[in-house]
Chemist: 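Handing you this structure, nothing more for now.
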Amino acid sequence: MSTSLTGWTDELARTRLHFVTGKGGTGKTTLAASLGLALAAGGRRVLLVEVEGRQGIAQLFDTEPLPYAEQRIASAPGGGELRALHIDVEAALLEYFEMFYNLGFAGRTLRRMGAIEFATTLAPGLRDVLLTGKVKECVRRTESDGRYTYDAVVVDAPPTGRVVKFLDVTKALTDLAKTGPIRGQAEGVVKLLHSGDTAVHLVTLLEEMPVRETVEGVAELDGADLRPGAVLVNRVRPPRLPARSVTAAADGRVDASRVRDGLAGAGLKLPDATLEALVSETVEHAIRVAAEQRAREQLTEADLPTLELPEAGDGIDVAALYELAEALVEQGVR
């Protein structure tokens, strides 16, 4: 059996476009934001992008809903800067009309007429081309001195079950015209997404369903010729039992008399009911630890760099995002 690598690799350090996906409820948006902060450490400028319309980034950073404009949302250690962008499909299409067809006023008229909704319904692939096309523009944009505007772009991507369809712009091209600016833009997106500049990271918990979906997601990305990046294991809790004791305790083999004697030796004398509850908690904890060990073994099938993030004890706020970012930096994210 192959084993997962630990820490960020040199190959990932050269990546400029990071998609973060994961099963719903695993903390995908939280880790996308934390990754953005980690990549911005040391004076870099990073853009954090949202494409699902949930305004999850604004909620995380406790700010007003994000407009269709890049704006500073946080600073990073060492003088870095994290900006954020909420991509609205209609705004992106209007931008295309103005950029490629010089239809600024007419585009706004089309919006009032409902033509934009009609267009994205008629060609379902157009929506994802518009979203990924805007991401590509942000990645490739340069300043007057020729340097990239952003050192890295992090995208809070759709969940694992939809991410390949979202990124498989090659298939979406069949829904579009054979020629024209939007098709040309889509071809540029295809080139970027299938290059070494792009990686798709998968967020999981040490639980059976998220781990299974992660392993399946990696296989699906490989099949679509999209590069999986790292597995980000979220909400990891430290084991409270010696490794040698886990199997027996998970099977319910906890010697209550030994526990009582150990506590007495430490000067603690507990009522029988309290001791019984403590033994029950020990068994439950051992069962969880054993299940997490099996989940880790299953994750080795992905054969990807694996980073672990601790559970935030008091919930997720801005301070917790910085703590998670620091944990990522300590594991080599740069």
Side-chain angles (χ1 to χ4, degrees), residues 4-8 12 18-39 48-61 84 154-167 199-222 226-239 287-328 330-331 333:
S4 295
L5 303 169
T6 55
W8 208 245
L12 290 176
H18 303 261
F19 289 95
V20 179
T21 185
K23 181 177 172 62
T26 58
K28 170 178 67 70
T29 301
T30 297
L31 291 199
S34 301
L35 178 61
L37 284 170
L39 291 169
L48 177 62
V49 179
E50 183 172 54
V51 295
E52 293 187 278
R54 295 183 296 105
Q55 289 289 350
I57 293 173
Q59 293 174 33
L60 272 179
F61 286 92
V154 178
V155 181
D156 179 18
T160 319
R162 300 204 312 268
V163 73
V164 169
K165 182 179 179 182
F166 173 71
L167 296 174
V200 184
H201 310 294
L202 299 99
V203 179
T204 188
L205 306 177
L206 289 177
E207 299 173 4
E208 182 180 358
M209 288 298 293
V211 166
R212 183 186 306 162
E213 190 163 314
T214 297
V215 173
E216 292 173 352
V218 171
E220 195 175 357
L221 289 166
D222 283 335
L226 295 162
R227 179 163 70 103
V231 174
L232 306 177
V233 184
N234 197 18
R235 301 176 197 156
V236 175
R237 294 168 289 184
I287 290 172
R288 176 181 65 78
V289 171
E292 291 175 349
Q293 289 175 346
R294 291 192 296 272
R296 280 193 175 91
E297 291 170 3
Q298 190 177 356
L299 278 177
T300 62
E301 296 177 26
D303 196 25
L304 292 176
T306 301
L307 289 73
E308 296 195 353
L309 289 305
E311 184 174 42
D314 298 324
I316 297 298
D317 56 15
V318 176
L321 293 177
Y322 279 96
E323 290 174 3
L324 291 170
E326 185 178 355
L328 289 169
E330 289 172 353
Q331 294 175 79
V333 172

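Keep in mind the model is a prediction, meaning the values are calculated, not measured.
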Chemist: Rounded to the nearest 0.5 Å, what separates atom OG1 in T306 from atom CD in Q331?
Modeler: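 Those atoms lie 9.5 Å apart.
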
Chemist: Under the rule for side-chain contact (heavy atoms from CB on, under 4.5 Å), what residues qualify as partners of E323, not counting sequence neighbours?
Modeler: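 Result, side-chain contact (heavy atoms from CB on, under 4.5 Å) vs E323: none returned.
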
Chemist: Nearest heavy-atom pair of L304 and G229: which atoms, and what distance?
Modeler: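 Nearest heavy atoms, L304 then G229: CD2-O, 3.7 Å.
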
Chemist: About how many Å separate CG of L31 and CG of L202, when rounded to the nearest 0.5 Å?
Modeler: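 So the gap between those two atoms works out to 11.5 Å.
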
Chemist: Would you give the length of the straight line joining atom CD of E52 to atom CZ of R162, rounded to the nearest 0.5 angstrom?
Modeler: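 That separation rounds to 5.5 Å.
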
Chemist: Could you tell me which residues satisfy side chain to side chain donor-acceptor pair (under 3.5 Å) with E208, sequence neighbours excluded, listed by chain and number?
Modeler: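 So E208 forms a side chain to side chain donor-acceptor pair (under 3.5 Å) with R212.
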
Chemist: Return the minimal non-hydrogen interatomic distance between P158 and V51, and the atom names on each side.
Modeler: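 Minimum heavy-atom contact is CD-CG2, 4.1 Å.
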
Chemist: Rounded at 0.5 Å granularity, tell me how far CD1 in I316 sits from CD in E311.
Modeler: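 Between I316 CD1 and E311 CD, I get 9.0 Å after rounding to 0.5 Å.
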
Chemist: Hey, does the side chain of T26 reach the backbone of L205 with a donor-acceptor pair shorter than 3.5 angstrom?
Modeler: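 Not confirmed, T26 side chain does not pair with L205 backbone.
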
Chemist: What pairs of residues pass the salt bridge (charged side-chain N to carboxylate O under 4.0 Å, His left out) test when at least one of them lies in residues 226-235, not counting sequence neighbours?
Modeler: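 Residue pairs passing salt bridge (charged side-chain N to carboxylate O under 4.0 Å, His left out), neighbours aside: E11-R227.
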
Chemist: Can you give me the closest heavy-atom contact between L12 and A199, atom names plus distance?
Modeler: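 Result for this residue pair: CD2-CB, 4.0 Å.
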
Chemist: Taking side-chain contact (heavy atoms from CB on, under 4.5 Å) as the criterion, tell me which of N234, L328, L35 meets it with L307.
Modeler: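 Among N234, L328, L35, the one that satisfies the side-chain contact (heavy atoms from CB on, under 4.5 Å) with L307 is L328.
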
Chemist: If I take atom CZ from residue F166 and atom CG from residue L226, how far apart are they, to the nearest 0.5 angstrom?
Modeler: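 It comes to 11.5 Å.
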
Chemist: Under a 3.5 Å distance rule, please check whether E308 uses its side chain to pair with a backbone N or O of V233 as donor and acceptor.
Modeler: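 Side chain of E308 to backbone of V233: no pair is present.
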
Chemist: Please determine whether side chain to side chain donor-acceptor pair (under 3.5 Å) holds for the pair T29 and D156, giving the CA-CA distance in whole Å, both sets of side-chain angles, and the decisive distance to 0.1 Å.
Modeler: CA-CA 6 Å; T29 301; D156 179 18; 2.7 Å; yes

Chemist: To the nearest 0.5 Å, what is the distance between CG on L37 and CG on L321?
Modeler: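 Going from CG on L37 over to CG on L321, the span is 6.5 Å.
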
